[in-house]
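Positions are given from 1 along the sequence.
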Amino acid sequence: MHWIAPAEKDTATAALEKRLWDAADQLRANSGLKAQEYSAPVLGLIFLLFAETRFTDRRKKLEQAGSSSRRGSRVDDPDAYHAEGILYLPEVSRFGYLLNLPEGEHIGAKVNDAMREIEKYNSQLAGVLPRTYHLFSSTVLKELLKKISEIPHTVDYDLFGRIYEYFLGEFAMTEGQGGGEFYTPGSIVRLLTEVIEPFHGRILDPACGSGGMFVSSARFVSEHKKNPSDELSIHGVEKTDETGRLCRLNLAVHGLEGEILHGGHINSYYDDPHTATGRFDFVLANPPFNVNAVDKERLKDSVGPGRRYPFGLPRTDNANYLWIQLFYSSLNEKGRAGFVMANSASDARSSEQEIRRQLIESQAVDVMVAVGPNMFYTVTLPCTLWFLDKGKTGSARADQVLFIDARHIYRQVDRAHRDWTASQIGFLANLVRLWRGEALDYTLGGDETRAKIEEAFGTATPSVAKDSNERVQLFAAEERSAYGTDGIAYHDIPGLCKATTIEEIEAQGWSLNPGRYVGVAPGETMSDEDFKEQLATLNEELERLNAEARVLEATIARNVAQILEF
């Protein structure tokens, strides 16, 4: 299926974002600092403006309530703000106070004091806020404060979150990527969230980065008319201390709190600070791809049924199947997971194939989505989205996996970047819901999503299905009337989706590559781009196999040498 959405641009917001970025970039130009050194101070000031906007709104309500209350005013009571998930700001910590400081003041020292006072009154931010503003001249800081103050104060809070996420993405592009780590674009995070549907429960991200998965989950809950702070219990792990602090700051920007554990002494391969095994309703993650040099000797006590690595350790020097098992083992008996993974993991051979077989036979693999190139900010690589659902075990679709090819569904943002529109995300998520027999949800995408779903699936005739997919199509047909989806039923669409049995997957060497099952639509041929993508994936797998062969060759040579010594 080809669905190339026209590029859309909010010119007013884009112009504001560019002005803010240009001002922020002055910090780098005038200080000589690297992106990772000036990103936190910039984000700290944006955070402060957002915090003051929410604080001021709450303060006005308390002033109104205080005028008619016998108890008197609570405008200066921190607990009155904390009860609503809002940070309390003493006067010297308010954005307006800093903005109006005279040029002669040492503004950097004043901002540092402001951050210190915020932490004093809001314990969840202890040790989180940046205090390096003394490194910048008062002139540069004054200009930056003025530019940030241009963010409209009357708009809803989503604009602040959007600008904050824009800056996270810009810093990601400036810093580049390292160690297989990539900032996750918002549209990919949004699809992960829509498919696992985190309405209520405990949510884990053991490679949480700046916390985008948590923010997206909270937005999902909020759009369904619930309070995220009441519905979600947030837990994260981040090995980089600076990024972990950024995650906590990101949560605070959005009025959230979570148990985020971070620092160089915490590593999700070896450590389990949340005692995660079997405890979480949801797992969302974008782990670093193809990490090597993990010390497997330290993992041996965590291998086996009911432990963190239930299916064993891969022999190859690659951590992809360590991450996959961590996500699986963290789920409770009804838990769902959604995560980003390198394409090579879907077809990896040898010991990784054996682990994948066990995972598939556990019936927890739910949906696999192929994503095309250019969706990430800093790299062009395609990827695959994996979805696990332990709750489907024993259901009518227990021995089924849904494969979706979304490589030709996108919006071309610019020459080098793509994303998904809200309607495209809604379409893909509702495709999954249709297959699951769940109620369709047009909260995201609205009428355009509805029209695309009806166009694609409104002519289904599942009762006459004759192939091995008959059971799942009949299941969808039986369930859809209960949810008001009469006339719409899941069916396979060449080039888009295919519901496949575990028996068929076994026949394909336990591959979870959507391209092996979905095929191409009638009349379509493989494009040059598809060929290049497949060639790149095959080349990546070849490189990995060659590396494994070299290790085996060295081991054999060493063993032969030892034998000859005798």
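We find the CZ-CG distance between F47 and L129 to be 5.0 Å, quoted to the nearest 0.5 Å. Expressed to the nearest 0.5 Å, how far OH of Y517 lies from OG1 of T500 amounts to 6.5 Å. One finds the CG atom of N374 at 9.0 Å from the OH atom of Y410 (value rounded to the nearest 0.5 Å). From L381, atom CG reaches atom CZ of F289 across 6.0 Å, with rounding to the nearest 0.5 Å. In this structure, NE2 in H274 is found 9.0 Å from CZ in R202, a value given to the nearest 0.5 Å. If you take CG on L331 and CD on E333, they are separated by 11.5 Å, rounding to the nearest 0.5 Å.
Judged by distance alone, with hydrogens and angles left aside, the side-chain atoms of N343 form a donor-acceptor pair with the main-chain N or O of T384 at under 3.5 Å. In this structure, the side chain of T240 does not engage the main chain of T243 through any donor-acceptor pair within 3.5 Å. Judged by distance alone, with hydrogens and angles left aside, the side-chain atoms of R336 form no donor-acceptor pair with the main-chain N or O of K390 at under 3.5 Å. At distances below 3.5 Å, not a single donor-acceptor pair connects side-chain atoms of Y490 with backbone N or O atoms of V432. A donor-acceptor pair under 3.5 Å links the side-chain atoms of S362 to the main chain of L359, judged by distance alone. Remark: side-chain polar atoms of H235 are paired, donor with acceptor, to backbone N or O of S233 under 3.5 angstrom. Not a single donor-acceptor pair under 3.5 Å links the side chain of D419 to the backbone N or O of P185. Judged purely by atom type and a 3.5 angstrom limit, H200 uses its side chain to pair as donor or acceptor with the backbone of E231. Put simply, the side chain of Q325 gets close to the backbone of G312: a donor and an acceptor are under 3.5 Å apart. Without hydrogens or angle criteria, Q508 side chain to I505 main chain gives no donor-acceptor distance under 3.5 Å.
The two residues P314 and E352 come nearest to each other via the heavy atoms CB-CG, 3.9 Å. Contact detail for H417 and F376: the closest heavy-atom pair is CD2-O, 3.6 Å. The heavy-atom pair separating P228 from L256 by the smallest distance is CB-CD2, 4.0 Å. Listed here is the closest heavy atom pair of Q358 and F311: NE2-O, 3.2 Å. When every heavy atom of A207 is checked against every heavy atom of P288, the shortest pair comes out as CB-CD, 4.4 Å. Nearest heavy-atom pair across T449 and G445 is OG1-CA, 3.2 Å.
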> Stepwise, does the side chain to side chain contact (heavy atoms under 4.5 Å, CB included) test hold for I404 with L431?
Replying inline: CA-CA 9 Å; I404 299 174; L431 191 169; 3.9 Å; yes

> Run the salt bridge (charged side-chain N to carboxylate O under 4.0 Å, His left out) check on E197 and R433 step by step: do they pass?
Replying inline: CA-CA 10 Å; E197 300 176 312; R433 294 184 184 112; 2.8 Å; yes

> Between H224 and F199, does a side chain to side chain contact (heavy atoms under 4.5 Å, CB included) hold up when you go through it step by step?
Replying inline: CA-CA 8 Å; H224 289 83; F199 283 104; 3.7 Å; yes

> After noting the C-alpha distance and the side-chain angles of S350 and R315, does the key distance pass the side chain to side chain donor-acceptor pair (under 3.5 Å) rule?
Replying inline: CA-CA 8 Å; S350 190; R315 290 190 297 273; 3.0 Å; yes

>> Between D281 and N332, does the side chain to side chain donor-acceptor pair (under 3.5 Å) criterion hold? Intermediate values first, please.
In response: CA-CA 6 Å; D281 300 286; N332 59 30; 2.9 Å; yes

> Stepwise, does the salt bridge (charged side-chain N to carboxylate O under 4.0 Å, His left out) test hold for D301 with R307?
Replying inline: CA-CA 9 Å; D301 291 340; R307 298 182 180 180; 5.8 Å; no

>> The test is salt bridge (charged side-chain N to carboxylate O under 4.0 Å, His left out); show your working for E238 and R245 and say whether it passes.
In response: CA-CA 9 Å; E238 172 53 46; R245 289 196 298 270; over 6 Å; no

> Checking side chain to side chain donor-acceptor pair (under 3.5 Å) for the pair N320/N290: CA distance, chi angles, key distance, verdict?
Replying inline: CA-CA 6 Å; N320 289 342; N290 302 320; 2.7 Å; yes

>> For K498 and E504: C-alpha separation, side-chain torsions, deciding distance, then whether salt bridge (charged side-chain N to carboxylate O under 4.0 Å, His left out) applies.
In response: CA-CA 11 Å; K498 174 78 164 68; E504 291 174 291; 3.7 Å; yes

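You'll find the side chain of D405 stays beyond 4.5 Å of the side chain of C497, heavy atoms only. Looking only at side-chain heavy atoms (C-beta outward), W386 and V340 stay at 4.5 Å or farther from each other. For the pair H265 and K239, the minimum side-chain heavy-atom distance is 4.5 Å or more. Counting only heavy atoms from C-beta outward, the side chains of T277 and S330 never approach each other to under 4.5 Å. With a 4.5 Å cut-off on side-chain heavy atoms, R436 and K392 do not count as touching.
Using modelled atom types, one finds a donor on one side chain and an acceptor on the other under 3.5 Å when comparing Y269 with W323. Side-chain atoms of D399 and T501 form no donor-acceptor pair, as typed in the model, at a separation below 3.5 Å. Using a 3.5 Å distance cut-off with no hydrogens or angles, the side chains of D441 and N430 do not pair a donor with an acceptor. Of the N and O atoms on the side chains of N513 and S346, not one donor lies less than 3.5 Å from an acceptor on the other residue. Remark: the N122 side chain and the H82 side chain contain an N/O donor-acceptor pair separated by less than 3.5 Å.
Sequence neighbours left out, the pairs with a member in residues 204-218 that pass side chain to side chain donor-acceptor pair (under 3.5 Å) are T193-S216.
Judged by the 6.0 Å distance and 45° axis criteria, R298 is positioned over the aromatic ring of Y270.
A salt bridge links D389 to R397: one of the charged nitrogens lies within less than 4.0 Å of a carboxylate oxygen. Using a cut-off of 4.0 Å between Lys/Arg side-chain N and Asp/Glu carboxylate O, E257 and R248 are scored as not salt-bridged. Of the charged side-chain nitrogens involved, at least one lies within less than 4.0 Å of a carboxylate oxygen, so that R357 and E361 count as a salt-bridged pair. Salt bridge annotation for K226-D230: absent, with no cationic side-chain nitrogen under 4.0 angstrom from a carboxylate oxygen.
For D295, the CG atom is densely surrounded, since the number of other residues' heavy atoms within 6.0 Å is greater than 12.
Using bins of under 30°, 30° to 60° and over 60° for the plane-to-plane angle, the ring pair F327/F339 lands in the tilted bin.
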